[in-house]
Amino acid sequence: MAPTAAEAKAAAALSTDLVESAKKKAAYAAVADHFTSTMRFVGIGSGSTIVYGVEAIKAHLASNPPPAGHINWFVPTGWNSRKVIEAAGLTPIAFDSLPADAQLEVAFDGADEVDAELNCIKGGGACLFQEKLVACRSKKFICIADYRKNQSRLLTNWPTIPIEIAPIAYASVIRELVALGSEKPILREHTLSKTGPVQTDQSFYIIDAPFKTLLTADDVKAGKDGSGKDGVWEVEALARAIKAINGVLEVGLFCGLNGIQAQKAGLLGGQKPVAVYFGTAEGEVQKAECSELAK
Ligand SMILES: O=C(CO)[C@H](O)[C@H](O)COP(=O)(O)O
């Protein structure tokens, strides 16, 4: 028998509660493991999950105040992220105001989907360019997500790859994406009060491009062809191909070993998170660590 409207509403509310509680638990666990009040520069991502990350940082600072005279600076990944930092009473510093030699100790951010190798899709909130800048300027990038984001391969649940592009180039980028095997790339438009293309913090546009489910590096090592033949791509190969299109500012695939070696040497971090904290539907936190760092 089909559920009544009241039953359907109650089930939806329960599922929202589960997701929110999973986000919060993951955020508090990530902050407990990776934030200290002596840190100088900390990256703060965008989206609904990072709000809990900021809440956890605020709570941590309340019970572990920084040494006298020490300022914790929080680097936002866009307008919305800066508002969240300010609303929590924390001190923001714009990415382009950082001292030239400053490195962020850690950056926390959410993701739209994460695969078995911790490659991520990001950009659901149209902030991917600054998110990548901040992640790559951090010694470690820590991702926080709920159980819906945890998939063995990218483009399993999340349908498209967000790509930030120069407005003038949108039609030609769409044509190039189709040539790479994306069936129906779409220019992201406002759905509520305003009409027209969504504009990013850089006043660029976002194209959402669907592709077949992406292969991992291990799939390719096991003999699968991820070169784009028949539209089947391995994550890094696709990220490189999209980034090479004229007019593309950044692609919402955070992937590969780029930066990991440097990170091992204590230098800059990479695009890929060193750890992802997933809040599970059972109320636990599952931590996945980047296997390359252990090698
Ligand atoms: O990449 C992002 C914004 O561009 C977000 O981190 C991503 O969309 C996750 O958002 P949420 O925490 O609301 O699920």
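All ligand and atom numbering here is 1-based and tracks the order in the structure. All values derive from a computational prediction rather than experimental measurement.
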Going by atom type alone, with no hydrogens or angles, which donor-acceptor pairs under 3.5 Å involve a side-chain atom of residues 23-34 and a protein atom two or more places apart or on another chain?
| from | atom 1 | to | atom 2 | distance (Å) |
| --- | --- | --- | --- | --- |
| K23 | NZ | E20 | OE2 | 3.1 |
| K23 | NZ | S48 | OG | 2.8 |
| K24 | NZ | E55 | OE2 | 3.4 |
| K25 | NZ | G283 | O | 3.3 |
| Y28 | OH | E55 | OE2 | 2.7 |
| D33 | OD2 | Y277 | OH | 2.6 |
| H34 | ND1 | K140 | NZ | 2.9 |
| H34 | NE2 | Y277 | OH | 2.9 |

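- In this structure, a donor-acceptor pair under 3.5 Å is absent between the side chains of T156 and E113.
- Near ligand 1, S46, G47, S48, T49, D109, G110, A111, D112, K122, G123, G124, G125, A126, C127, E131, K149 each place a heavy atom less than 4.0 angstrom from the ligand.
- Under the side chain to side chain contact (heavy atoms under 4.5 Å, CB included) test applied with S81, the options I44, V75, V54 reduce to a single match, I44.
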(request) Apply side-chain contact (heavy atoms from CB on, under 4.5 Å) to V251 and K132, showing your working. (result) CA-CA 9 Å; V251 51; K132 206 175 267 192; 4.1 Å; yes
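- Within a 6.0 Å radius of NZ in K224, no more than 12 heavy atoms belonging to other residues, nucleotides or ligands are found.
- Across every non-hydrogen atom of G78 and Q130, the tightest pair is N-OE1, 3.5 Å.
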